[in-house]
Every structure is written in structure tokens, then in C-alpha cells.
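To keep things clear, I will list the structure first and then write my remarks on it.
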Amino acid sequence: MRLLTGFHLATMADEGLGIIEDGAVAVEGGRIAWVGRAADAPACRDVIRGEGEWLLPGLIDCHTHLVFAGDRAAEFEQRLAGASYEEIARAGGGILSTMRATRAASEEQLLAESLPRLDGLLAEGVTTVEIKSGYGLEEEAELRQLRVARRLGQLRAVSVVTTLLSAHALPPEYADRRADYVRLVAESILPRAAAQGLADQVDVFADRIAFTNQETAEIFAAARRHGLPVKLHADQLSDQGGAALAAAWGALSADHLERAAPEGLAAMARAGTVAVLLPAAAFTLRETTLPAVTRMRALGLRMAVATDMNPGSAPARSLLLMLPLACSLFGLTVAEALRGITRHAAAALGLHDRGMIAPGLRADFARFRIRRPAELCYWLGHNPCTGRVVAGEPA
Ligand code: DI6
Ligand code: FE
């Protein structure tokens with residue numbers, strides 16, 4: 001047994017932050033064995049001694065597109081000059097421009113471009129990250145993206161959850177054969193990804209520039225046949241009834257939700273679908289329509305917060321920066337924002353073994369040199385993380 005002591009704890013294990021000042025955690029076999037006040041800790045010879053830092057559950061970025069090639073800084077400049085995200089996408093830029101770069105990249109190139117992005121998250125205390133495909137948009141390139149995601153998880157001390165998002169945009173080869181592409185995803189790409197153990201879950205971008213609810217249902221049905229949980233990019237650019245659709249399929253999460261209808265949010269609450277809020281996308285696209293956080297709170301929806309790290313709508317390479325954005329832009333409280341990147345992010349991934357500091361859960365932690373947890377939501381662009389512990393081991 002190993003003891004972590006000399007920390008204040010924000011366990012997330014109650015309705016707030018679950019604070020235990022002068023706390024300690026005992027770990028054994030990669031799991032948490034005991035949590036409490038340092039004065040009551042069991043005797044251990046193996047001790048990790050903090051310097052009065054705060055210990056949080058390892059952070060979880062539950063929505064990223066971090067495996068891709070190239071960048072779209074030039075499109076960013078076009079948007080600053082007045083072009084909209086949708087106009088650029090309809091003109092063949094946007095996701096399709098990253099598709100071209102990603103298809104052209106070898107597996108090694110993709111890995112080399114993605115690793116520094118992962119390392120940036122780890123330096124902030126992230127111990128679990130979700131990574132989507134969706135820039136290959138053809139069988140081999142989609143599987144290559146997922147293999148790179150898996151390899152990232154082998155190269156670093158981090159849990160990687162992979163998501164098949166082949167229904168992210170319609171590839172140009174299928175421009176006048178939409179149904180054929182949806183069938184390719186449902187009947188070939190998804191089954192192969194599942195058979196090779198490359199996809200833990202399935203996502204669809206449901207939007208007027210992406211896929212319809214009918215097409216989404218076809219892909220979700222295939223996911224169900226292969227035993228994979230689903231989630232949805234829902235109601236970001238337009239209200240498509242995405243929140244209700246996600247709820248009807250028992251989705252783990254519905255993500256974005258800027259334009260989600262009240263009935264859809266209520267359906268999510270009944271279904272237990274987590275609302276994943278992505279403030280970097282709203283910030284970058286200069287959205288004035290924001291997710292209905294007050295309503296979500298009143299409905300008792302669990303709200304997670306993530307980077308949406310992608311080269312277009314959310315070039316966000318910091319999960320910590322999402323905290324002040326979630327608070328100041330979306331109106332979350334400090335406790336909501338911090339639960340959003342721990343406990344509720346775990347729920348958005350269907351992971352029941354992490355996200356809190358509680359007995360029986362994985363011993364994944366992040367250490368921060370701060371005076372109080374609110375500092376994490378307050379500083380912009382500051383990283384006070386002093387280390388991570390992954391499955392009980394300093395990482
Ligand atoms: N919504 C998003 O925020 C990203 N994908 C999606 O469906 C954007 C992806 C990109 O612009 O490359
Ligand atoms: Fe996204």
C-alpha cells in the first residue's frame with residue numbers, strides 16, 4: 001500500500017467539490033483503498049508527500065479530435081475577415097481540408113503531429129482522453145486515425161478512449177451518393193473498427209452541413225448491433241432535434257447543444273445522457289447563442305466540459321483553459337466546471353471507475369500548486385499542475 005499525503009483533496013465525491021483539507025489517499029494495486037484526513041491515515045512505508053498542493057481526480061478530456069494532420073490557420077484568418085464556418089465548409093474547406101491533409105499523412109506522420117498535442121494535455125493533469133476519428137472519411141484513413149489514437153495510449157501513461165466519427169462530413173467522392181456513404185460507415189467501416197478493437201464508441205455529427213437524423217439513426221443502429229455505445233454532436237450550428245435523438249438512443253452524451261430545444265434537454269435528463277459543453281468552439285466561432293446552462297442545471301443534467309480540440313472550430317490545446325471559458329462564457333460555477341472535467345466527463349465516456357477520489361476507483365490524480373480550487377477556473381493560460389499519478393504511479 002502507498003500513501004499520498006500532504007495534500008488538500010477535491011474528491012468530487014459529494015454534491016460540490018468534496019473538499020478534504022489536510023487529506024490523504026491510500027492506494028493499492030492501482031486503485032484507491034482509503035480516503036480521509038491525513039491524521040487518520042493508515043500507516044504506510046511507501047509515501048508520496050505533497051507540498052500542500054491540491055489533489056484532484058486525474059482530469060478527463062472527454063471530447064477531442066486530436067489526431068489530425070495540418071492546421072487551418074488560414075481559414076481562421078478568412079473567418080476574421082468575415083467568412084462564416086459554414087460558408088467555408090460548404091466551399092470544400094473546413095473538415096474536408098483537414099481530411100485531405102490527414103489522408104495524405106502516413107501513420108507515423110500522424111502520430112508525430114498528434115503526440116505534442118497529447119503531451120500538452122498531460123502536462124495539465126489529464127489522465128484520460130477521448131479521441132475521435134473523422135478526418136479520414138474513407139475506410140483505411142479512418143482506421144489509421146484510430147490506430148494512432150491507440151498508439152498514443154501505449155506511448156504515454158494515459159487512458160485513451162477511441163470514438164469512430166466517420167459520419168463527420170460527407171467525403172467529396174460521395175457528394176451525390178449520400179446513402180452509399182452512410183451504408184459504407186454502417187456496414188463496413190464500423191464493423192471493421194469494432195472487429196479490430198479500434199473503436200470504444202460511435203459518434204455522428206448531426207447537422208444541416210453534416211448528417212440527418214435518419215442517417216444518424218442508421219449508424220446508431222449499426223453501433224448497437226456491434227455493442228458500441230453512442231454519442232452525438234448535437235444542435236451546434238442549427239437545432240436539428242439532436243438532443244432528443246441522442247436521448248432516444250440512450251446516448252452516453254450529446255455534445256455542443258448551443259441550439260438544443262428545451263424538450264430535447266428534458267429528454268436527455270430522463271435518459272441520463274450527459275451534456276458535454278465545448279466552450280472553445282463557441283468562443284472561436286464567436287457564438288452568441290450559448291447552451292442553456294440554467295435550464296440544464298434546473299433539469300439536473302450532468303454537464304461535462306471538454307476541449308473539442310480540432311483544427312477548425314476549436315483549436316484548443318488546453319483543458320484548463322476551458323474552465324474559465326465554461327465559467328465566464330457559459331455561466332458554470334467553479335464546482336460545475338471542475339466536476340465537468342472529472343466526474344461528469346467520466347460519465348460522458350461511460351467510465352464508472354474514475355472521475356472522483358473514492359475507494360475502489362482508479363488511482364489517477366492530478367496535483368496543483370494553488371491556494372484554492374477556484375484558482376483553476378480563474379487564471380487564464382496558467383498551468384499550476386505539478387504532476388500526475390496514473391494507476392497509483394507518479395507519471
Ligand atoms: N463539430 C466540431 O466542433 C468539430 N466537428 C464537429 O462536428 C469541428 C471539426 C472541424 O472543424 O474540423
Ligand atoms: Fe467535436
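In listed order, ligands and their atoms are each counted from 1.
When the options Q236, H65, M309, M99 are ranked by their closest heavy atom to atom 1 (N) of ligand 1, first place goes to Q236. Of the candidates L232, N310, T284, it is N310 that places a heavy atom closest to atom 4 (C) of ligand 1.
Stacking of R178 on the aromatic ring of F211 is recorded, both the 6.0 Å distance cut-off and the 45° axial limit being met.
Scanning both residues, L232 and A206, for their nearest heavy atoms gives CD1-CB, 3.9 Å.
The aromatic rings of H65 and Y135 sit tilted relative to each other, their planes meeting at an angle between 30° and 60°. Using bins of under 30°, 30° to 60° and over 60° for the plane-to-plane angle, the ring pair H233/H168 lands in the tilted bin. Ring-plane geometry between Y174 and Y181 is classed as tilted, the angle between the planes lying from 30 to 60 degrees on a 0 to 90 degree scale.
Look at H256 and the Fe ion (ligand 2): no N/O/S atom of the residue is under 2.8 Å from the metal.
Note: no N/O pair closer than 3.5 Å links T98 and ligand 1 by distance alone.
Here the angle centred on the Fe ion (ligand 2), running from OD1 of D308 over to NE2 of H65, is 90°, rounded to 10°.
A side-chain donor from one of S159 and R354 sits under 3.5 Å from a side-chain acceptor of the other. Side-chain atoms of Q145 and T102 form no donor-acceptor pair, as typed in the model, at a separation below 3.5 Å.
Near Y85, meaning under 4.0 Å from any of its heavy atoms, are these atoms of ligand 1: 8 (C), 9 (C), 10 (C), 11 (O). Interface of D308 with ligand 1, defined as ligand atoms under 4.0 Å from a residue heavy atom, comprises 2 (C), 3 (O). Within ligand 1, counting atoms from 1 as listed, the ones closer than 4.0 Å to a heavy atom of R72 are 10 (C), 11 (O), 12 (O). Listed by atom number, the atoms of ligand 1 under 4.0 Å from Y135 heavy atoms are 9 (C), 10 (C), 12 (O). If you number the atoms of ligand 1 from 1 as listed, the ones under 4.0 Å from a heavy atom of H256 come out as 1 (N), 2 (C), 3 (O). Using a 4.0 Å cut-off to heavy atoms of H168, the atoms of ligand 1 that qualify are 4 (C), 5 (N), 6 (C), 7 (O), 9 (C). The contact set between ligand 1 and F205, taken as ligand atoms under 4.0 Å from a residue heavy atom, comprises 6 (C), 7 (O).
Shown here is R372, whose CZ atom has no more than 12 heavy atoms of other residues, nucleotides or ligands within 6.0 Å.
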request  = Would you sort out whether E287 and R259 count as a salt bridge (Lys or Arg N to Asp or Glu O under 4.0 Å), showing the intermediate values?
outcome  = CA-CA 11 Å; E287 272 288 357; R259 290 176 175 76; 2.9 Å; yes

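Summary: NE2 is the N/O/S atom of H233 found nearest to the Fe ion (ligand 2).
A salt bridge is defined here as a Lys NZ or Arg NE, NH1 or NH2 lying under 4.0 Å from an Asp or Glu carboxylate O, and R144 with E140 fails to meet this definition.
Contacts of D207 with ligand 1, taken as heavy-atom pairs under 4.0 Å, are absent altogether. The parts of S313 lying near ligand 1 are both backbone and side chain, judged by heavy-atom distances below 4.0 Å.
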